[in-house]
Amino acid sequence: MKKRIEALLANALERATAAGELHTTVVPPGCVEIPKERAHGDLAATLALGIARAERKPPRAIAETILRHLDDPHGVIAGTEIAGPGFINFKLAPRFWHEALAGLLADPTLGIDPAGRGKRAQVEFVSANPTGPLTVGHGRNAVLGDTLARLLEAVSYDVEREYYFNNAGRQMKVLGASVRARYQEIVGRPVDFPEDGYQGAYIRDVAQSLVDSRGDAIPDDDEKTFRAAAESAIFADIRATQDRLAITFDVYFNEDSLYESGAIEAVLRDLEAKGLSEKKEGAVWLCGEKVGLDKDRVLVKSSGEPAYRLPDIAYHQNKLGRRFDLIVDVLGADHIAEHQEVAAALRGLGFDTSSIRPVIYQFVTLTRHGEQVKMSTRRAEYVTLDELLDEVGSDAARFFFLSRKSDSHLEFDLELAKKRSTDNPVYYVQYAHARIMSLYAQAATQGIALPGAVTADDLGALELAEEFELVQQLVSYGEVVGVAARELEPHRVVFYLQELAAALHRFYNHHRVLGDESRERVAARLALLEAVRRVLVSGLGLLGVAAPERM
RNA sequence: GCGCCCGUAGCUCAGUUGGAUAGAGCGGCAGACUUCGAAUCUGUAGGUCGGGUGUUCGAUUCACCCCGGGCGCGCCA
């Protein structure tokens, strides 16, 4: 829609320049916008304002020159005016909207620009270590990552979803020891519960299943068995939770493989060779100042074990080596510093890290009846993602997790998410779809066929402002998805869908579709609703939320 | 103390690479169903965009300085 007007403006500018009246040759991108104020027309251009400085002329005079050269061969512009400091306002003709809607209905991509065609993207998310069930915080990560992957696919990237997990560090040792302690407890042997061991009931479940299958045959020093049992049981649990959210991964990448391949040794060697690491106090340090960090960071502890950031550097080096055009890391706010360290180290090693884009999300708080639900990781009092899904379901969970900019703290209202009413935004949007489906069913009982392929001429009966407003929103869909994918901001799709649903409900309440005496109008309105329906299905699909036919 | 993020209506939050009189939902108030699903819609009240300087035709948006909140600043991950 905007592009069409931009093209007309570019033409006018060209003619004005050719006539020697102006000097600018390029229309600045994004200079056509939808005005906030409806009275300002359907579209407004800031072109004259934008080039005023370079032209050294008053914006309004430039606007006049441009309008004088504006040619509209298809008659899609109903009127223009120069307003304010130099805006050019356009009133669009019905024909414009008819062509726009027909174009959308003929376009299987719904106007989404394939910005990622021929490019490969990787989204790494969740990446929780298998030491316990996923929490609500992991839920935001999981849904965010999966939706980013869907968005990138929508703009034609070839996308890989990857889960990185740490199964080599101290945490896994503690996990194994925690299971052993519970095992010892159950079989009646002396118990040595590890310091800061895992307290959750799921540890006991793992121990119990070992007792069920092996009795008391596992010796205390068989750490491997306890650890492996814990890892596989908890991982199965995590995957089951992900299944409930329709989240899958292409690659599960484990930290162990970086040791086996020698990648970690290689990073250490390279850093040392470049003089970016040094030994002191019995440990190996990354020289902070040399890579742009405020202080030195430990790479290898004096115990000889790598600190977490060393395998992380190796992992990201591995990712870069896989030649993705875009690498997205979905991270909680508490990991931002680590991410910067990794990126700094990689740059020090000579890697171009510009393809890596972190998406940082702030923490989630749960509220119920306006009261905050207390969560404490330390005392294992956190709410698990499974519990949240038990209570509100996948659709509401996904929709709510995505309904805020990831940079903002997310207040998750449990009661609102459960409500089956107008207040609940996910029901509001889903209801818009169900309503259209219901209307189709009604049409069928009246023997009214849904229109097939339509042309702009078939849509001539659309003439109401509310109809054109709906078309305008529909043709904006592709741009919304494009920006959401480019900026890695799924919440834009959520807000868009709420607005589209509102426009649909408004239209539906004011105008009868099937009852109209004009057959042409019935057909045109059904075509309009079909476009709304397709966009709703597409948008909800991007969010991983169902578009139900009945509710 | 240093770094990153946030501060917009009573509440929860949008604001599209700087645009016109700053928006939505909820809550408040007042209305609309013998008709395609009222799980909806209509109207209305509500703001020093945390504060202040600067950049310019123009700032919620950009820069700097304060104030307030979150998260980091570990040989934990």
Side-chain angles (χ1 to χ4, degrees), chain A residues 28-31 33-37 39-40 44 46 49-50 52-53 58-59 83-87 89 128-129 131 166 169-172 174 196 281-285 293-295 297-309 311-312 332-340 360-363 367 370 403-411 413 416 419-425 427-428 430-432 434-443 445-446 448 476 479-480 482-484 486-487 489 491-492 494-495 498-499 502 504-516 550-551:
Chain A
C31 79
E33 55 194 40
I34 299 171
K36 292 177 196 164
E37 195 72 31
H40 293 142
T46 57
L49 293 163
R53 196 170 316 173
F87 291 96
N89 293 339
N129 292 337
T131 58
N166 172 310
R170 180 181 156 281
Q171 284 197 15
M172 296 306 291
V174 174
D196 52 270
E281 299 158 27
V284 180
W285 296 72
L293 297 171
D294 57 341
K295 54 164 123 174
R297 300 286 168 178
V298 168
L299 293 168
V300 182
K301 301 184 245 179
S302 53
S303 67
E305 295 173 291
Y308 62 89
R309 65 176 65 81
D312 243 30
D334 53 337
H335 283 71
I336 176 68
E338 176 198 355
H339 193 271
Q340 286 165 348
I360 310 294
Y361 63 93
Q362 300 290 332
F363 293 144
T367 63
S403 64
R404 298 285 177 267
K405 199 165 46 176
S406 71
D407 262 342
S408 294
H409 289 268
L410 171 59
E411 195 166 300
D413 186 333
L416 181 60
K419 254 189 198 169
R420 305 177 63 80
S421 77
T422 163
D423 305 348
N424 185 344
Y427 279 96
Y428 184 80
Q430 289 181 317
Y431 179 48
R435 237 182 175 175
I436 295 171
M437 293 308 291
S438 167
L439 190 126
Y440 285 179
Q442 183 68 28
T445 66
Q446 294 181 22
I448 299 171
S476 300
E479 184 186 353
V480 169
V483 172
R486 190 187 70 217
E487 303 296 325
E489 293 180 336
H491 74 278
R492 291 174 183 279
V494 175
F495 283 92
Q498 291 185 73
E499 283 167 17
L504 182 276
H505 289 311
R506 195 178 317 131
F507 175 74
Y508 185 95
N509 251 273
H510 290 6
H511 307 286
R512 293 184 60 76
V513 175
L514 302 177
D516 199 277
R550 271 193 305 274
M551 299 172 67

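- Remark: ring of A/F87 overlaps the six-membered base ring of B/rA20 in a stacked fashion, centroids less than 5.5 Å apart, planes less than 30° apart.
- Using a 4.0 Å heavy-atom cutoff across all strands shown, A/R420 reaches at least one base atom of the nucleic acid.
- Here B/rC71 is the nucleotide among B/rC71, B/rA20, B/rC13 with the atom lying nearest to any side-chain atom of A/A333.
- Side chain of A/Y508, nearest nucleotide from B/rC36, B/rC76, B/rG19: B/rC36.
- Checked against B/rC41, B/rA77, B/rU16, the side chain of A/E479 finds its nearest nucleotide in B/rU16.
- Nearest-nucleotide assignment on RNA chain B puts the 5′-proximal partner with A/I336, out of A/I336 and A/P425.
- The nearest whole Å value for the distance from the CD atom in A/E489 to the C1' atom in B/rC6 is 14 Å.
- Following rounding to the nearest Å, A/E33 (CD) and B/rA22 (C1') show an atom-to-atom distance of 14 Å.
- Between A/L514 atom CG and B/rU35 atom P the separation is 15 Å, expressed in whole Å.
- Atoms CD (A/Q171) and P (B/rG74) sit 18 Å apart, rounded to a whole Å.
- The listed nucleotides are B/rG19, B/rC41, B/rC76; the one nearest the side chain of A/K301 is B/rC76.
- Comparing atom distances between the A/D407 side chain and each of B/rU12, B/rC5, B/rU16 picks out B/rC5 as nearest.
- Checking B/rC26, B/rU35, B/rU16 against the side-chain heavy atoms of A/V483 singles out B/rU16 as nearest.
- B/rG70 atom C1' lies 14 Å from atom CG of A/L410, rounded to whole Å.
- Across all strands, A/K405 comes closer than 4.0 Å only to sugar-phosphate atoms, never to a base (heavy-atom distances).
- Using a cutoff of 4.0 Å between basic side-chain nitrogens and carboxylate oxygens, A/D413 and A/K419 are not scored as salt-bridged.
- Listed nucleotides: B/rG72, B/rC5, B/rU17. Nearest to the side chain of A/R486: B/rU17.
- Listed nucleotides B/rC36, B/rG19, B/rC41 differ in distance to A/H505; the shortest reach to its side chain belongs to B/rC41.
- Between A/P59 and A/Y308, the residue anchored closer to the 5' end of RNA chain B is A/P59, taking for each the nucleotide with the nearest heavy atom.
- Residue contacts shown for A/R309 are absent, as no nucleic acid heavy atom lies under 4.0 Å away.
- If you check every strand for non-hydrogen atoms under 4.0 Å, A/A83 touches a base.
- When rounded to the nearest whole Å, the span between CD of A/E281 and C1' of B/rG74 equals 13 Å.
- Residue A/S438 is in base contact, counting any heavy-atom pair closer than 4.0 Å across all strands shown.
- Within 4.0 Å of A/Y431, counting heavy atoms only, lies at least one base atom of the nucleic acid.
- Side-chain to base pairing of A/N89 with B/rA20: one donor and one acceptor N or O lie within less than 3.5 Å of each other.
- Among the heavy atoms of the strands lying under 4.0 Å from A/H511 is at least one base atom, whether or not backbone atoms are also near.
- Put simply, CD1 on A/I360 is 14 Å from C1' on B/rC6, counting in whole angstrom units.
- Counting only heavy atoms from C-beta on, A/H510 has its side chain closest to B/rU42 among B/rA14, B/rU42, B/rA38.
- Contacts of A/R512 with the nucleic acid, taken as non-hydrogen atoms under 4.0 Å apart, include base atoms.
- No engagement by A/A441 is indicated, since no non-hydrogen atom pair under 4.0 Å with the nucleic acid exists.
- In this structure, the side chain of A/H511 does not engage the main chain of A/D516 through any donor-acceptor pair within 3.5 Å.
- Using a 4.0 Å heavy-atom distance criterion, A/D294 is classed as making no nucleic acid contact.
- Nucleotide B/rU56 has no partner under the Watson-Crick or G-U criteria, as no pair reaches both atom distances under 3.5 Å.
- For B/rC4, the paired nucleotide is B/rG70, the pair qualifying as Watson-Crick or G-U wobble because both relevant distances are below 3.5 Å.
- With rounding to whole Å, A/H335 atom NE2 is found 16 Å from B/rC5 atom C1'.
- Under 3.5 Å, the side chain of A/S302 and the base of B/rC75 form at least one donor-acceptor pair of N or O atoms.
- Rounding to the nearest 0.5 Å places CE of A/M551 at 11.5 Å from CZ of A/R435.
- Counting only heavy atoms from C-beta on, A/A283 has its side chain closest to B/rC75 among B/rC4, B/rG70, B/rC75.
- A/H491 and A/F495 have perpendicular rings, their planes meeting at more than 60° on a 0 to 90° scale where under 30° would count as parallel.
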